Amino acid sequence: MAEMEPEIVRRGWKAYTGLGLRGVCMGAADVVPGVSGGTIAFVTGIYEELIHSIRSFDRRFAGLLVVLRFREALNRVPWRFLGTVFAGILLAVVTLASGIQWMLQHEPELIWAFFFGLVAASVFVVRKRVVAWRGPAWIAALASGLLFYVVVGMVPVKTPDSPWFLFICGVVAISAMILPGISGSFILVLLGKYEYLLAALNDRELFPIFLFVSGAAVGILSSARVLAWIFKRHHDVTVAALTGLMAGSLRKVWPWKTDVSSPLESCGAEVPIMQINVLPGTIDGDLAAAIGLAAAGFAMVVVLERLSESRR
């Protein structure tokens with residue numbers, strides 16, 4: 001049987017403008033831990049086309065590149081669609097990165113309270129995607145929840161800046177990004193590289209960004225097929241495990257923390273090696289603002305899910 005050529009949708013400039021705006025919305029979601037760019041793609045009606053477009057980069061495409069038949073290779077993939085969407089994503093990430101970095105440096109409790117609300121709501125949203133909560137699903141959720149609750153408590157404040165680790169971060173984060181309900185930025189928080197990559201982006205440090213993007217390219221081309229296979233055969237158990245992962249990982253995004261320090265042998269200066277969660281201080285305006293932002297983040301995810309359900 002002859003191999004079918006992928007169908008490529010032809011659009012006018014108005015349609016591409018709309019795609020760019022959808023990409024901006026996805027980028028704005030992807031830069032915030034707790035909101036999934038995949039959810040935005042689903043709500044705005046481009047999720048299935050996005051996944052099929054990514055999967056069009058197959059062995060036939062790679063073979064055409066190897067023999068330098070670039071025009072024929074491009075004609076096999078919807079590069080205009082993907083280019084427009086990813087340009088919108090990049091625009092949003094670059095635009096919002098500096099503001100979020102400022103908040104992390106000057107108002108960490110407020111911004112982490114907002115992130116906590118986003119992730120907490122995502123737990124409730126993703127759990128509804130399990131069709132039937134039977135024994136295996138419950139076991140997967142509880143096991144992953146307990147595991148990640150322990151693991152994120154052991155993650156040091158600073159993780160390696162090595163090229164291999166940044167590459168792995170790209171692979172893992174982009175794989176999460178294409179799942180509705182799972183945030184790629186949240187994965188970077190768990191890996192301890194969210195603030196580092198945000199600063200690298202704002203400071204135009206190209207090498208760490210290149211390593212991360214390279215990992216993302218590998219991850220997005222491979223994960224689309226792997227995830228499709230896993231979800232088709234073990235849907236409920238997989239989604240239940242993801243639900244438990246996010247629930248256990250709420251420990252990581254708790255807004256109120258204190259550093260556990262250790263003196264350096266060389267100079268005697270103390271550096272944070274771990275953070276522990278603490279209860280908030282006295283009730284004041286800052287605490288009220290933090291609670292309000294957490295509630296706003298929770299409500300935002302719930303509204304997005306309602307839109308997604310109405311579309312389905």
Side-chain angles (χ1 to χ4, degrees), residues 26 29-30 32-55 115-153 171-191 219-220 222-254 294-295 297-312:
M26 288 179 63
D30 287 328
V32 176
V35 181
S36 169
T39 297
I40 302 299
F42 196 94
V43 170
T44 57
I46 62 172
Y47 183 74
E48 291 188 20
E49 185 176 358
L50 178 63
I51 296 300
H52 287 302
S53 297
I54 293 170
R55 295 180 67 180
F115 292 165
F116 185 88
L118 294 172
V119 177
S122 296
V123 174
F124 290 95
V125 165
V126 175
R127 71 175 176 83
K128 293 194 297 183
R129 299 184 186 275
V130 177
V131 177
W133 279 94
R134 299 190 178 94
W138 280 110
I139 293 172
L142 292 173
S144 64
L146 290 173
L147 174 64
F148 274 86
Y149 181 84
V150 174
V151 169
V152 298
V171 173
V172 177
I174 202 70
S175 301
M177 188 200 78
I178 64 175
L179 290 174
I182 309 297
S183 167
S185 295
F186 178 60
I187 300 300
L188 291 180
V189 171
L190 299 184
L191 295 172
I220 201 168
S222 59
S223 63
R225 290 171 173 78
V226 174
L227 291 173
W229 184 87
I230 293 174
F231 269 73
K232 183 178 180 180
R233 287 162 176 78
H234 309 286
H235 177 272
D236 281 4
V237 171
T238 303
V239 176
L242 292 174
T243 303
L245 180 155
M246 288 191 294
S249 300
L250 283 171
R251 179 180 184 180
K252 183 72 173 179
V253 293
W254 178 254
F298 193 98
M300 181 185 298
V301 174
V302 171
V303 169
L304 287 173
E305 175 61 13
R306 294 283 175 84
L307 292 173
S308 177
E309 286 182 349
S310 65
R311 186 171 190 87
R312 283 198 294 269

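Hydrogens, waters and symmetry mates play no part in the numbers below; they use all other heavy atoms, side chains included. All values derive from a computational prediction rather than experimental measurement.
Separation of atoms NZ (K252) and CG (L191) is listed at 9.0 Å; rounding is to 0.5 Å. Taking CG from L118 and CE from M246, the interatomic distance works out to 11.5 Å, rounded to the nearest 0.5 Å. Rounding to the nearest 0.5 Å gives a distance of 12.5 Å between CZ of R129 and CG of D236. The OG atom of S144 sits 11.5 Å away from the CD1 atom of I139 when rounded to the nearest 0.5 Å. We find the CG-OG distance between L250 and S122 to be 9.0 Å, quoted to the nearest 0.5 Å. For the atom pair CZ (F298) and CZ (F116), the distance works out to 10.0 Å, reported to the nearest 0.5 Å.
A137 approaches V130 most closely through the heavy-atom pair CB-CG1, 4.4 Å. Closest of all the heavy-atom pairs between A247 and V123 is N-CG2, 3.7 Å. Scanning all heavy atoms of the two residues, the minimum distance from L245 to F148 falls at CD1-CZ, 3.5 Å. Residues I220 and I54 approach most closely at O-CG2, 3.2 Å, considering heavy atoms. For the pair A121 and V301, the tightest heavy-atom approach, listed with the atom from each and the gap, is CB-CB, 3.6 Å.
Proximity of a side-chain donor or acceptor of R251 to a complementary backbone N or O of Y149 within less than 3.5 Å is detected.
Between W138 and W133, the two ring planes are tilted [angle within 30° to 60°].
For the side-chain contact (heavy atoms from CB on, under 4.5 Å) with H235, the lone residue among T238, V237, V239 that qualifies is V239.
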Step-by-step side-chain contact (heavy atoms from CB on, under 4.5 Å) determination, M26 to L50: CA-CA 12 Å; M26 288 179 63; L50 178 63; 3.9 Å; yes

